[in-house]
Amino acid sequence: MIRIEKLHKSYPIGKDSLHVLKGIDLHIKEGEFVSIMGSSGSGKSTLLNIVGLLDSHDEGDYYLNGQLIQNLNEKKAAILRNKFLGFVFQSFNLISYKTALENVALPLSYKGIARKERLKIAQEYLEKVELGPWAHHLPNELSGGQKQRVAIARALATKPKVVLADEPTGALDSTTTDSVMGLLKDINDEGMTVFVITHEEEVAEQTKRVVRLKDGVIISDELTSIGKAKAKAL
Amino acid sequence: MFDLDRWREIFQSINKNRLRSILSGFTVAFAILLFTLLFGIGNGLQNTFKKEFAGDATNSVYIWAGRTTKPYKGLQSGRRIQFKNDDYEFLKKEFDNEIQFISPRIQRSANVTYKTKNDTYTIRGVYPGYDVLESISMADGRYLNLLDLKSKLKVVVIGQMVEKDLFNGLSAYGKNINLGGIIYKVIGVFTDPGGDSDERYIYMPYTTMQQIYGGNDNIGDFGMTYNPKLSIDAAIAFGNKMKRALQKRHDVSPNDQRAIRVNNYAEDNRQVSTMMLGLNILILVIGFGTLIAGIVGISNIMVYVVKERTKELGIRKALGASPGSIITMIMLESVLITALAGYLGLVVGVGILEYIGPSLEKYFILNPGVSTSTVVAATITLITAGIIAGYLPAKKAAQIKPIVALRAD
């Protein structure tokens, strides 16, 4: 699903440049539940942004769903994001003047789905994250956990190939963290590829595979206990 | 290409971000309001100008003769130039195309008596039709006619003030009055928009005057109107040509400014039209200045709007919005607000002009208002401005990488 080979990325800082990713090799198969661990500055967010087509890489190859990503203009990137990727951000990134339902329906409108149809789909996904009764509330009327569940519903609504979650629990307390992680686990169980970035061990432990990043290189890549159990079961 | 979904998005965005929408709308509405008011008031000033000056600046030309100030062709300076009847015939023949109407004038003052009352008035001997030149209108009786002229009748037309002074409020029409010892019959009483002093003249056929006061064919000066079809430049050229022709006839040096003088209203007309042009330019500058201020205002606000929405645009892009759809969204919003607010400003501006217009007349502002074409042009300019003002920041926003946009707060 995601194949990354010798990926490099640097950011210009004044006259110098900061080398953030120094040759990353990563292969994520369909249906995996992977977490990227690392302290801040390790390059994990940069990696997610490149995987999510929100940013471009300098060197190396990136294949998304078998397609080589190169010379992507904004328009093509937008189409690919809409088709293959669903995003969950730490700060939720809901549009403040739209209701939960409209937020979930928004990516569907960029797919060209008619209003009636997309509101129906959005309602289904809200039910799925157990927020059906909150459909017509604005984001600021929802709790942090509820907001993140709306964001997850939004990420799922377009039936993407991969859900990318950047510190999805970073702004949540432990109870809501568990419920959000449980939700991500559920959708993974349904076959969705889920890619989580986090710096919390407890969060990483709930995924099936942990990739540890330090100073722009991968230092370890192993299955978690859950992942091992799952692998055994197969 | 009417996309209900797209409009729904725009209306939601405008409606849910009311402060922002109202602020940007206010800038535009205010600019257009000012534009309308200033343009309207400028037009009002121009209307006054037209009425006061253009109406008065007729196509009149007057020619006087004086004494020469320069020796010429062996003749000494200080010689008195005297127009004669043949000068009149000459001008009429020579400038047939340029002259609309010409009248010789002979002017002298005389002691005028009716019964016991008497006073001194200026008597003018003229050609019938001279009334047009002075914008005279008859209050009683008639003006001089060709028969009076040919028969050299002793008839006069007197001004209203003469009647008032000498006739004790009674009608002067048909009465006989005594002008320096000779009895004339009053055949008409006139009024003159020029006021009291112009209503103290007494007119009689110039032929009568030549016969009685001098027994010669001397003429004092000429009053005429030039062909209204002449352009101002042509009319001024005509005046100069006439002056040179008369100088030649009377052996006057071409450099002599005093011997023959021409007062050509066309020159005043030129001044008036130059001033009108100046006023026009002023109005245009004010109008476009206001519009440009408005355009700059919208542009600033659009830049701000895009900046404020950067994060939202980043979210939309992460969710799959194409740059094109972002540009369209921002521009349609900008154009919609601009058009609506601009229209509101126009309506309010026109309303204010209508309401306060009549009370401005004492400040030399007559019928202030803007023409439909100006209104349409201003609206189109604004919508264009809205498009441009929206396009540049929208394009920039659409080019921002979503990751940069998402980081914005």
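Chain letters run A, B, ... following the sequence lines, proteins first and then strands; every chain starts at 1. Side chains are part of it too, since the values below use all heavy atoms of this structure and drop only hydrogens, waters and symmetry mates.
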Where does A:T158 contact chain B at under 4.5 Å (heavy atoms): side chain, backbone, both or neither? neither

Other residues, nucleotides, ligands: >12 heavy atoms within 6.0 Å of A:E130 CD: no

A:K214 atom NZ, neighbour heavy-atom count above 12 within 6.0 Å: no

Taking side chain as everything from C-beta outward and backbone as N, CA, C, O, which of these in A:N49 sits under 4.5 Å from a heavy atom of chain B? Side chain, backbone, both or neither. side chain

Based on non-hydrogen pairs under 4.5 Å, which of B:Q12, B:K317, B:Q399 is most in contact with chain A? B:Q12

Comparing B:G314, B:G320, B:A398 against chain A, the one with the most heavy-atom pairs below 4.5 Å turns out to be B:G320

In terms of heavy-atom contacts, does CZ of B:F288 have more than 12 from other residues, nucleotides or ligands at under 6.0 Å? no

Mark yes when over 12 heavy atoms from residues, nucleotides or ligands other than A:Y110 sit less than 6.0 Å from its OH; otherwise mark no. yes

Atom OH of residue position A:Y11 - does it have more than 12 heavy atoms of other residues, nucleotides or ligands inside 6.0 Å? yes

Find the distance between CD1 (B:I315) and CZ (A:F89) and round it off to the nearest 0.5 Å. 7.5 Å

Supply the atom-to-atom distance A:L106 CG to B:E312 CD, rounded to the nearest 0.5 angstrom. 8.5 Å

Part of A:L94 within contact of chain B (heavy atom distance under 4.5 Å): backbone

A:N82 to B:L319 - nearest heavy-atom pair and separation: ND2-O, 2.7 Å

Residue by residue, which of residues 322-330 of chain B have a heavy atom closer than 4.5 Å to a heavy atom belonging to chain A? B:S322, B:P323, B:S325

Could you go through the side chain to side chain contact (heavy atoms under 4.5 Å, CB included) check for A:S109 and B:R316 one step at a time? CA-CA 10 Å; A:S109 77; B:R316 285 175 182 271; over 6 Å; no

Neighbour count above 12 (heavy atom, 6.0 Å) for A:E127 CD: yes

Identify the heavy atoms of A:A78 and B:A321 that sit nearest to each other, and give their distance. CB-O, 3.3 Å

